[in-house]
2 protein chains.
Amino acid sequence: MNLKELASRLGLSPTTVSRALNGYPEVNEATRERVMAAAKRHNYHPNTRAIRLATGRAMAVGHVIPVATRHEIVNPVFADFIAGAGETYSRNDYDMVLSVVPDDQEEAAYRGLKSKGNVDGVIVHAPKLNDPRIALLHDIGLPFVVHGRATGATLPYSWLDVNNRRAFQRAAEFLLDLGHTRIALVNGLEFMDFAIRRRTGYEAALTARALTPDPALMASDEMTEIAGHRAARRMLALPDRPTAFLVASMISGMGVRRALEEAGLQMGRDISVIIHDDDLSYMKNGDDVPIFTATRSSVREAGRMAAEMLLDLIANPGPVQQRLLEAELIMGQSTGPCPRA
Amino acid sequence: MNLKELASRLGLSPTTVSRALNGYPEVNEATRERVMAAAKRHNYHPNTRAIRLATGRAMAVGHVIPVATRHEIVNPVFADFIAGAGETYSRNDYDMVLSVVPDDQEEAAYRGLKSKGNVDGVIVHAPKLNDPRIALLHDIGLPFVVHGRATGATLPYSWLDVNNRRAFQRAAEFLLDLGHTRIALVNGLEFMDFAIRRRTGYEAALTARALTPDPALMASDEMTEIAGHRAARRMLALPDRPTAFLVASMISGMGVRRALEEAGLQMGRDISVIIHDDDLSYMKNGDDVPIFTATRSSVREAGRMAAEMLLDLIANPGPVQQRLLEAELIMGQSTGPCPRA
DNA sequence: GAATCGCCCCAAACCGCTTTGGATAGCGCA
DNA sequence: TGCGCTATCCAAAGCGGTTTGGGGCGATTC
């Protein structure tokens, strides 16, 4: 069942049927209802491919996922971000197309999406310091929203980010208030923009209390259980070991916890831990009382909002949109006063 | 730059240019090379929307992701499966479109994908007992491959699955060989097909040694850290507590580990644990020596293979394809002889 | 009563490609 | 020389919608 056939059944022209279904004013209300009813009755759904060609719009947005030729890993927060963004797309009848490409072909992937007309815009994930994708997308004229920010970018661009700097600054201050002075930072890879900002916040908090950040208490690695464990174990073996940890993610935090337990230390009493909690649906930080004290910001909600920004940007191309979210600091069972204090 | 313009620049008809680029034989080799060169020079990429309309193929496959209106969660293995499948799609110039829909609209989502012509086929995720999607897709005539199987399905269908039954049977046998008799099962939700099969394998192993499965030692819940912790804590509080755990996932396993530690028990010495390891890129089971003894099967590889099956099914519609993968049993540090033995 | 105006509807062009059904020209062969 | 064949190429018709540019007709205006 296509438009032409439906039209002929109704004794109308395709033009009128199309207009009736799309809510154009130049069609009689009675006619419109007749058309709507017939469309429903015959289970008519306009062919997306034809709409796309006729309108010149893809009705789709792209997410490019670069994938490990070198050392990177599929980001665990990705699934939740996608779930959030996907809800927005579905509600607006947009398709979400994912391009999984070797990371040395990322640029080609963006160019392809644009020149082949597969999408109307893209979300940029995991921005890095001086991320080249911003200039690239500017160049090829593909609307985009960055999830995060890219320190060093010179062009204006749309983004949605968590205030990572302030989150980690507040978390560090909280630990300082509890009397901790040897505070470790188990950070993500520091070519990632968010990791840089978190480190800055952490350092700012220490410096404000006249403490000098100790390089031995700072680790930067992938946010895996393994890496978290490795970093914590190393630091706990130091002669002047930390009494508190600031950790980049829930998963890293589980590695840190494992290291604590191996060392016979009790989290929350002997050692305090604060993590960043992306509020992942499959990795909740406790049910009633949070396991970890945490800076929390839902990445799924971020996905929802970033998608909305992008759709808006596509619908009315205008000035860039920027949105900064604050993470909450939530109390859990993993922090307490410094035992040495 | 479109086909018509490229053709006119070359002094050729669109027909010939199209054929030249698509490798049809009725075009002179010299002409073809001239066309190819011009296409590259002018950075010509055929418009996907037009190709799709003209050929009647979507050149895309769909993944429908039902999302929590009730209690389900975004599956953590999903990201890796997608990454694997996505690689296959990219290599074959297919798009991957994800539909995130409220779970009570899943059927409508599949129907929509078909009738609007957005995709040429779909991958079905997380099949349940008597999963209705199989009959549905059969009905509407959309090619599909199921990741997993659906016990109770009457129609033939294509699937790719891990031999969950045998994996858990072997794991249980391994624990039995170590002298354990009180073996707990921390399973996934048992309306999920894979969970049912795992339980069956577990029970078969016990029964074969004349042991009766104890309902108190069987839990079935979402595969989260929280749920794993909850189940293990409950079981460890039993008068006749288990000496070994068979756990459905890495993440559940971390919850179990937490419960062990809270109870002052050392994993691998006091209590043995075997998990199922999907070999997730962000959740590796140790680097050199695995943390957990595990039944392992890469879900990413499964994604790659399932996608290949589907593309093949789309290209040459034929008999159903079915593929059963065996999980490896890998030794880690979480198992040892039963201390009571 | 004629000109004007809205309201509804339609025919046809168009989006950018593929594909069908020739057309033309050169060549071998009788 | 004439005919059939093959190798190349092209015009035009789709694919299934949207959108432009009218057209007919009853009501309003003067």
Side-chain angles (χ1 to χ4, degrees), chain A residues 1-36 38-39 42-60 93-95 112-120 315, chain B residues 1-36 38-39 42-60 93-95 112-120 315:
Chain A
M1 173 61 61
N2 58 19
L3 183 67
K4 206 199 298 187
E5 190 175 338
L6 182 63
S8 84
R9 271 187 211 273
L10 281 161
L12 289 170
S13 75
T15 307
T16 302
V17 175
S18 170
R19 283 178 169 157
L21 294 173
N22 291 312
Y24 282 78
E26 52 270 82
V27 43
N28 190 307
E29 246 351 280
T31 310
R32 187 193 306 282
E33 277 165 29
R34 202 158 63 88
V35 171
M36 295 286 222
H42 293 96
N43 193 32
Y44 168 70
H45 291 272
N47 184 303
T48 308
R49 299 190 288 260
I51 293 179
R52 286 176 172 159
L53 179 57
T55 60
R57 308 188 310 164
M59 295 304 288
D93 277 311
Y94 266 71
D95 273 358
L113 284 178
K114 168 69 180 182
S115 62
K116 297 193 294 182
N118 294 31
V119 302
D120 296 320
Chain B
M1 172 62 62
N2 56 20
L3 183 66
K4 204 200 296 188
E5 189 175 339
L6 182 64
S8 84
R9 272 186 210 276
L10 281 161
L12 288 170
S13 76
T15 308
T16 303
V17 176
S18 170
R19 284 178 167 154
L21 295 173
N22 292 311
Y24 282 79
E26 52 271 79
V27 42
N28 190 307
E29 253 340 290
T31 310
R32 187 193 307 281
E33 276 164 29
R34 202 159 62 86
V35 171
M36 295 286 222
H42 293 96
N43 194 32
Y44 168 70
H45 292 274
N47 184 304
T48 308
R49 299 189 289 260
I51 293 179
R52 286 176 173 160
L53 180 57
T55 59
R57 307 188 312 164
M59 296 303 288
D93 276 312
Y94 265 72
D95 273 357
L113 285 177
K114 169 68 180 184
S115 63
K116 298 193 292 182
N118 294 31
V119 303
D120 297 321

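Each chain gets a letter, A, B and so on, in the order the sequences are listed, and its residues count up from 1. Just the heavy atoms: all of them, side chains too, but no hydrogens, waters or symmetry mates, feed the values below.
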| Does B/S13 put a side-chain nitrogen or oxygen below 4.0 Å from OP1 or OP2 of D/dC10? | yes
| field | D/dT8 base / B/T16 side chain donor-acceptor hit below 3.5 Å | value | no
| request: For B/L12 and D/dT8, give me the distance from atom CG to atom C1', rounded to whole Å. | output: 10 Å
| message | Tell me if the CZ atom of A/R32 is crowded by more than 12 foreign heavy atoms within 6.0 Å. | response | yes
| task | Would you mind classifying the nucleic acid contact of B/R19 as base, sugar-phosphate or nothing, using non-hydrogen atoms under 4.0 angstrom? | result | base
| note | B/L53 atom CG is separated from C/dT19 atom P, nearest whole Å, by 12 Å
| What is the distance from CG of B/L3 to C1' of D/dA12, rounded to the nearest Å? | 14 Å
| request: Using a cut-off of strictly less than 4.0 Å, decide whether B/Y44 has a side-chain nitrogen or oxygen near OP1 or OP2 of C/dG16. | output: no
| remark: note: B/N2, atom CG; C/dT18, atom P; distance rounded to Å ~ 12 Å
| task | Round to a whole Å and report the spacing from CD of A/E26 to P of D/dG23. | result | 17 Å
| request: Output, in order, the C-alpha distance, side-chain angles, deciding distance and verdict of side-chain contact (heavy atoms from CB on, under 4.5 Å) for B/D95 and A/K116. | output: CA-CA 12 Å; B/D95 273 357; A/K116 297 193 294 182; over 6 Å; no
| request: Would you check if B/V17 and B/L3 make a side-chain contact, meaning some heavy-atom pair closer than 4.5 Å? | output: yes
| query | What about A/T55: does its side chain form a donor-acceptor pair under 3.5 Å with the base of D/dT19? | reply | no
| task | Report which part of the nucleic acid B/I51 touches: base, sugar-phosphate, or nothing (heavy-atom distance under 4.0 Å, all strands). | result | sugar-phosphate
| Spacing between A/H45 atom NE2 and D/dG16 atom P, to the nearest angstrom | 16 Å
| query | Taking only N and O in the side chain of A/N22, is any of them less than 4.0 Å away from OP1 or OP2 of D/dT18? | reply | yes
| task | For D/dT8, take OP1 and OP2 only and decide whether either is under 4.0 Å from a side-chain N or O of B/N28. | result | yes
| task | Could you check which of C/dC9, C/dG16, D/dA11 has an atom nearest any side-chain atom of B/T15? | result | D/dA11
| message | In whole Å, I'd like the distance from the CD atom of B/E29 to the C1' atom of D/dA7. | response | 12 Å
| query | Under 4.0 Å between a side-chain N/O of A/T31 and OP1 or OP2 of C/dC9, yes or no? | reply | yes
| field | Side-chain N or O of B/Y24 closer than 4.0 Å to phosphate OP1/OP2 of D/dA7 | value | no
| query | Atom CD of A/E33 to atom P of C/dC8: distance rounded to whole Å? | reply | 13 Å
| query | With a 4.5 Å limit on heavy-atom distance, are the side chains of B/R34 and B/L10 in contact? | reply | yes
| task | List the steps and the verdict of side-chain contact (heavy atoms from CB on, under 4.5 Å) for B/R9 and B/M1. | result | CA-CA 10 Å; B/R9 272 186 210 276; B/M1 172 62 62; 3.4 Å; yes
| task | Report yes if at least one side-chain N or O of A/S18 is closer than 4.0 Å to OP1 or OP2 of D/dG17; otherwise report no. | result | no
